[in-house]
Amino acid sequence: LTRRTNRLFSLSSTPSSTTTELATLQTTIYLPATFTPTPTSTSSSTSSSATPTGLSCPQSQGQHYTSNNNKKFITLCGVDYSDGEARNISNAKVKSLRDCLELCSRKKECTGAGWGVMEGDKVGEHTCWMKNGLNSSHTARNDWGFGVLLPE
């Protein structure tokens, strides 16, 4: 039995507009009660020689990651969104959390993705679980990583 302890974290942004009426976009992200952000860092590259080997948990907790197509994610470690907490939209074998977030960034409907070692995985590649409809989370292994797409 997994105990779910969530804290609501809202991100708001107001798009610039020349009209007198401004619309506000608000996205709600559910984080574990123990969430502590770490200093922000951004990683992306178009040069293969400068490409990082990947994000890793628990070291990447709370860091921001910008994909090659400029989608921004926040990295959560030890957090996952399973059936009933989100909707699986796709999965693929990849070598890193970074590769997983890159895949998610290319799917219009993907708002978050999880990656890490699962029982039965072969060495080198693990399943990237791309999701949307993130509505609650649960505690996972410390080395499990999840990236949540941030609003633009």
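Only a predicted model underlies this, so the values are computations on that prediction, with no experimental measurement involved.
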Q: What distance separates Ile74 CD1 from Gln61 CD, expressed to the nearest 0.5 Å?
A: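 The CD atom of Gln61 is 7.5 Å from CD1 of Ile74, to the nearest 0.5 Å.
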Q: Quick one: pull up CG in Asp83 and CH2 in Trp129 and give me the separation to the nearest 0.5 Å.
A: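 One gets 8.5 Å once the value is rounded to the nearest 0.5 Å.
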Q: As an exercise, state the distance from CH2 of Trp115 to CE of Met130, rounded to the nearest 0.5 Å.
A: 13.5 Å
Q: Closer than 3.5 angstrom, by distance alone: can the side chain of Asn142 be matched with the main-chain N or O of Pro58 as a donor-acceptor pair?
A: no
Q: Report yes if some heavy atom in the side chain of Asn68 is under 4.5 Å from a heavy atom in the side chain of Ser105; otherwise report no.
A: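 No, every pair of side-chain atoms sits at 4.5 Å or beyond.
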Q: Taking all non-hydrogen atoms of both residues, which atom of Thr111 and which atom of Gly133 are closest, and how far apart?
A: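 Residues Thr111 and Gly133, closest heavy atoms: OG1-N, 3.8 Å.
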Q: Crowded around Lys93 NZ? As in, over 12 foreign heavy atoms under 6.0 Å?
A: yes
Q: Check whether any side-chain heavy atom of Arg98 lies under 4.5 Å from a side-chain heavy atom of Phe73, and answer yes or no.
A: no
Q: Should Phe146 and Leu134 count as side-chain neighbours, where that means a heavy-atom distance under 4.5 Å?
A: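 In short, these two side chains touch, coming nearer than 4.5 Å.
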Q: Asp99: which residues meet the side chain to side chain contact (heavy atoms under 4.5 Å, CB included) condition with it, sequence neighbours left out?
A: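 Per chain and number, Asp99 pairs via side chain to side chain contact (heavy atoms under 4.5 Å, CB included) with Val94, Lys95, Ser96.
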Q: Just grab all the salt bridge (Lys or Arg N to Asp or Glu O under 4.0 Å) pairs involving residues 66-79, residues at least two apart or on different chains.
A: Lys71-Glu152
Q: Set out, in order, the CA-CA distance, both residues' side-chain angles and the distance that settles disulfide bond (SG atoms under 2.5 Å apart) for Cys128 and Cys100, then state yes or no.
A: CA-CA 5 Å; Cys128 171; Cys100 183; 2.0 Å; yes
Q: Is there side-chain contact between Leu55 and Leu101, with at least one heavy-atom pair below 4.5 Å?
A: yes
Q: At what distance, to the nearest 0.5 angstrom, does CG of Asn132 lie from SG of Cys110?
A: 7.5 Å
Q: Main chain of Tyr81, side chain of Lys131: is a donor-acceptor contact present, judged purely on distance under 3.5 Å?
A: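 Yes: the side chain of Lys131 pairs with the backbone of Tyr81.
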Q: How many angstroms lie between atom CG of Leu97 and atom SG of Cys77, to the nearest 0.5 angstrom?
A: 7.5 Å
Q: Measure the OG-CD distance between Ser90 and Glu109 for me, rounded to the nearest 0.5 Å.
A: 8.0 Å
